[in-house]
Amino acid sequence: MTKTQQKPKKKGYDFTEVEPRIMQFWEKEKIFKFNTTNTEKEIFSFDTPPPTISGRLHMGHVFGDAQQDFIARYKRMKGFNVLNPFGTDNNGLPTLKLVEKEKKVNSKDMTREEFIELCQKTIKEEFIPQFLNDAKRLGISADWDIFYSTIDRRSRRISQKSFIDLYKMGREYRTECPSLWCTKCQTTIAQVELEDVDKNTIFNDIVFKIGNQDLIISTTRPELLPACVCVFVNKSDKRYKDIIGKKAKVPLFDFEVPILTDEKADPEKGSGAVMCCTFGDQTDMEWQKEYQLEIKEAITPNGKMTSLTGKYEGMKIEEAREEIIKDLKNAKLLIKQEKINHSVNVHERCGTPIEFINSKQWFVKYLDIKEDMIKWGEKVKWYPEYMQHRYTNWVKGLKWDWCISRQIPFGIPFPVWYCKDCNEIIVANEKDLPVDPLEDKPPIKNCPKCNSSEFVPEKDIMNTWATSSLTPEIIKDLLKDTKIYNKIKNEPMSIRRNGHDIITFWDFNSILKSQLHHKKNPWNTLMINGWMLGKDGKKMAKSRGNGVAPQDTIEQWGSDALRFLCATSKLGEDLSFPEAELTAGKKTITKLWNASKFVFMNLEDYNDRKPEKLEKIDDEFLKHLDNLVESVTTHFEDYNYSYAKDNIERFFWSDFADNYIEIVKKRIYNESGDKKLSAQYVLYKSLLTILKLFAPIMPFITEEIYQIYFKKTEGDKSIHISNWPEFNRKAKISETFNRFVEVLSKVRHAKTVAQKSMNSEISLTLDKDTVKKLGETLQDLQDVTNTKKFKEGEFKVEFI
RNA sequence: GGCCCCAUAGGCUAAUGGUAGACCAUCUCGUUUACACCGAGCAGACCCAAGUUCGAUUCUUGGUGGGGCCACCA
């Protein structure tokens, strides 16, 4: 191959070279560093839900993170001292599963300490660096030095302290009660971790005997027969009038249960008679409480039948169900089977139907303060506003206190021991935190109640949200040794941004904890983002194959283009991955590059001077620019990044590139002195303004252009810490500019219709009124339309 | 069953009590002092019904469709 055949050097904008370089520049120069010594500057702080690291950054992260970053960059340019920390969530089940899979280990074969160590090591070395790199590559402007993990020492300490404080406040209690239980994960789960799944099942009509009389009971769960404690019928149900108060014999198990009445027994459903087992479902539990029914446990925590079930003991739930059905058939006690489809509550992580298992669990008590919780939600500024309904509806629907204990080996332990003799609860001293009761000794030698010296450690760990709900505390604690700490420690953070799917998780729990601890909300504002859906309008999922990997998109289109796409939909709304926006974004980037190149080609003799007097059309254009700045600023203030983007984009393409540049071309080429200088001044100023307005959305291209052309004259190290453009509220737009553009487009139309080129020479006739309106700008109009002969009269375009 | 959001051209979206503005795609024409990742231009849309109104895409109610949350689910 000869030298002449070498690949020609790319002359356009090459994001593959620019973006990684700019990314390194930001990091090296610490452009996004939170100033911890300047206590004067107003702070704008972000509390972001830390992503669970279970692989690489995905589109879901990108969509929300990008939207937050638009705001972070805007606020920074607005002059705020922006606190934009970054955290990762890795103290829960997903991390446990990930590490077990990745390291091919079983957590049960290891001590808790060993496993936690392995988790932290694996996550820290193998997952977090890659994840953070992806986030940096997207241009997330976080201060990477302010970093936490929800399992690190600090988080463990804060989480345990929160537990102890709430316990001392009387907000936490431990009790034996039926809890939502996953027999696969072998842990209690919270209401919010449930998912509905439609399942095909069989509705069985089973015969109970009342003396010689048959009573038909319909059930989907015959395996719970041994746990049956009574039968309910509806008072109004005439069929069963005579049997109320009598006893019914449970088939196969031959024990008798009373027949009671309750409004919840629906005569329309099944036979109208329902068996109550403790605990088959939530209604059973409510009945148990209401009627003080005996508690019978048919299922063990690992999903097997108990000794109560006699010959079925040790079978799995499904096996026992099949066996019992078989035995009922043989005994001729099963008279009908009907296939039905009903929805079942399952554990969202593993899909296992949940059971209610009686066990000792820790709870945060909050059902008594529902009214307060609703009020606290009202004090937050919600963007968009309607998202508050989701919070309020959730609080209104709460039926359980918050069960915060989990029976998994990995997580933050309860800082609790129990007296072996009297069960007295011993909590750790605050100064010893974090502790692991399995390893550490209790803070006292003898039980204060019974003087016993033997203690049993609590081996459960706390639910991950018990910790994640404390991220504002964790973030503040990271800054404990800095000058700025006093300024932030008692103030709510400025904003939390997260997806609408976790309003009931993080937002709710965070508000609750902050209010209980400090009687204050954790932040002033909530910014709720929607989801990035697949191209088919459905949630991106591996199983659907509609996922798009951000790494691929960035490689092919660049981060700016991907961010541009993320700015398409309104705040809070879901977006079906609009591939066309990548094209639009890329075009805009190229156009910015070329327009800048053009502007500076013509500014070589400019030297940053301001003309004595601006040409009329230039002055008018600046007023338009002023209006643009005003509207874009307003939109960003309301977190309406999509409107902001739309406004800038339109102005840049249409007003600036297609019109203004064309208008001043001739003047710049042919004139000198103020006439030329006026155009140069406005080109410089308007291009800089456009770049600044675009900077929050497309940080890389705007930084590159700034560095090449503007840095020398403007002086700021980076466009992202330069000042946001000011606007003049008095900028009233006269009719001149609009009339000018109107005539221009009419001439262009005429040329198109005549199939002439845009710079074909013409003879132009304009009416008197238009000429008057155009005033001094007439010459510019003649230049841009390439008018060689001009006269007054009825509008006409003639070709020469 | 209760609640929330959405419904505009082929796709994605905007504004508005007086019938709608972009962008992508299509089509036509043009193209050399920034840009064929270009320019100019044509064509194309307010889910249905009732009500309020001089007038509704916009407000109200109901319906239909899509998304979500909650409850029920023997």
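Numbers restart at 1 for each chain; the letters A, B, ... are given by sequence-line order, proteins then strands.
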Name the nucleic acid region contacted by [X], choosing base, sugar-phosphate or nothing; use a 4.0 angstrom heavy-atom cut-off, strictly under.
X: A:Asp658; answer: sugar-phosphate
X: A:Ser745; answer: sugar-phosphate
X: A:Glu662; answer: base
X: A:Thr583; answer: nothing
X: A:Ala754; answer: nothing
X: A:Ile589; answer: nothing

Return the set of residues passing ring-ring contact (aromatic ring centres under 6.0 Å, His included) with [X] (not counting sequence neighbours), or none when no residue passes.
X: A:Trp557; value: none
X: A:Tyr643; value: A:His635
X: A:Phe799; value: none

[N] [atom2] sits how many Å from [X] [atom1], rounded?
X: A:Phe652; N: B:A22; atom1: CZ; atom2: C1'; value: 16 Å
X: A:Phe598; N: B:U32; atom1: CZ; atom2: P; value: 15 Å
X: A:Trp394; N: B:G68; atom1: CH2; atom2: C1'; value: 14 Å
X: A:Arg650; N: B:A14; atom1: CZ; atom2: P; value: 11 Å
X: A:Asn647; N: B:A14; atom1: CG; atom2: C1'; value: 10 Å
X: A:Lys597; N: B:C37; atom1: NZ; atom2: P; value: 13 Å
X: A:Leu215; N: B:A74; atom1: CG; atom2: P; value: 17 Å
X: A:Phe799; N: B:C29; atom1: CZ; atom2: C1'; value: 12 Å

side-chain hydrogen bond (donor to acceptor under 3.5 Å, both in side chains) partner of A:Lys676, chosen from A:Asn602, A:Asp605, A:Asn670: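 In the set A:Asn602, A:Asp605, A:Asn670, the residue that makes a side-chain hydrogen bond (donor to acceptor under 3.5 Å, both in side chains) with A:Lys676 is A:Asp605.
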
Closest-nucleotide ordering on RNA chain B, the 5'-leading residue of A:Thr752 and A:Ser218: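 Nearer the 5' end of the strand: A:Thr752.
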
Whichever of A:Val753 and A:Trp531 has its nearest RNA chain B nucleotide further upstream toward 5':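 It is A:Val753 whose nearest nucleotide is closer to the 5' end.
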
Complementary nucleotide for [N] - Watson-Crick or wobble, under 3.5 Å:
N: B:A49; result: B:U61
N: B:C23; result: B:G11
N: B:C69; result: B:G2

Which nucleotide in the set [options] lies at the smallest distance from any side-chain heavy atom of [X]?
X: A:Val274; options: B:A74, B:A40, B:C37; result: B:A74
X: A:Met601; options: B:U32, B:A14, B:A34; result: B:A34
X: A:Lys591; options: B:C38, B:C23, B:A74; result: B:C38
X: A:Thr220; options: B:C35, B:G30, B:A74; result: B:A74
X: A:Pro578; options: B:C37, B:A34, B:C12; result: B:C12
X: A:Met758; options: B:A34, B:G41, B:G39; result: B:G39
X: A:Lys587; options: B:C24, B:G30, B:C12; result: B:C24
X: A:Tyr669; options: B:A34, B:G39, B:C12; result: B:A34
X: A:Glu581; options: B:C23, B:A34, B:A15; result: B:C23
X: A:Ala584; options: B:C24, B:G39, B:A34; result: B:C24

Using the [atom1] atom on both, measure [N] against [M] and round to a whole Å.
N: B:U19; M: B:U57; atom1: P; result: 11 Å
N: B:G51; M: B:A14; atom1: P; result: 31 Å
N: B:A45; M: B:A25; atom1: C1'; result: 16 Å
N: B:C24; M: B:G62; atom1: C1'; result: 37 Å
N: B:C47; M: B:C6; atom1: C1'; result: 12 Å
N: B:C4; M: B:U61; atom1: P; result: 10 Å

Under 4.0 Å protein heavy-atom contacts per nucleotide of nucleotides 1-8 of chain B, with B for base, S for backbone only and - for none: --SSS---

A:Phe255 six-ring centre to A:Lys296 NZ/CZ under 6.0 Å and within 45° of normal: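 The answer is yes, since A:Lys296 meets both limits relative to A:Phe255.
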
Test item: side-chain donor near acceptor, A:Asn204 and A:Gln337, under 3.5 Å: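 Yes.
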
Side chains of A:Tyr660 and A:Asp618, donor plus acceptor under 3.5 Å: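 The criterion, which ignores hydrogens and geometry beyond distance, is satisfied for A:Asp618 and A:Tyr660.
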
Below 4.0 Å: OP1/OP2 of B:A15 and any side-chain N or O of A:Tyr643: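 Answer is yes, contact under 4.0 Å.
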
Short side-chain N/O contact from A:Lys396 to OP1 or OP2 of B:C69, under 4.0 Å: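 No.
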
Ring geometry between A:Tyr669 and A:Phe598 (parallel below 30°, tilted from 30 to 60°, perpendicular above 60°):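 Rings of A:Phe598 and A:Tyr669: perpendicular, over 60°.
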
Pairing residues for A:Glu704 by the salt bridge (charged side-chain N to carboxylate O under 4.0 Å, His left out) criterion, not counting sequence neighbours: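 If we apply the salt bridge (charged side-chain N to carboxylate O under 4.0 Å, His left out) test to A:Glu704, skipping adjacent residues, the hits are A:Arg21.
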
Kindly list each side-chain donor-acceptor pair under 3.5 angstrom involving residues 649-658 of chain A, sequence neighbours excluded, with atom names and distances?
{"residue": "A:Arg650", "atom": "NH2", "partner": "A:Asp646", "partner atom": "OD2", "Å": "2.8"}
{"residue": "A:Trp653", "atom": "NE1", "partner": "A:Thr588", "partner atom": "OG1", "Å": "3.3"}

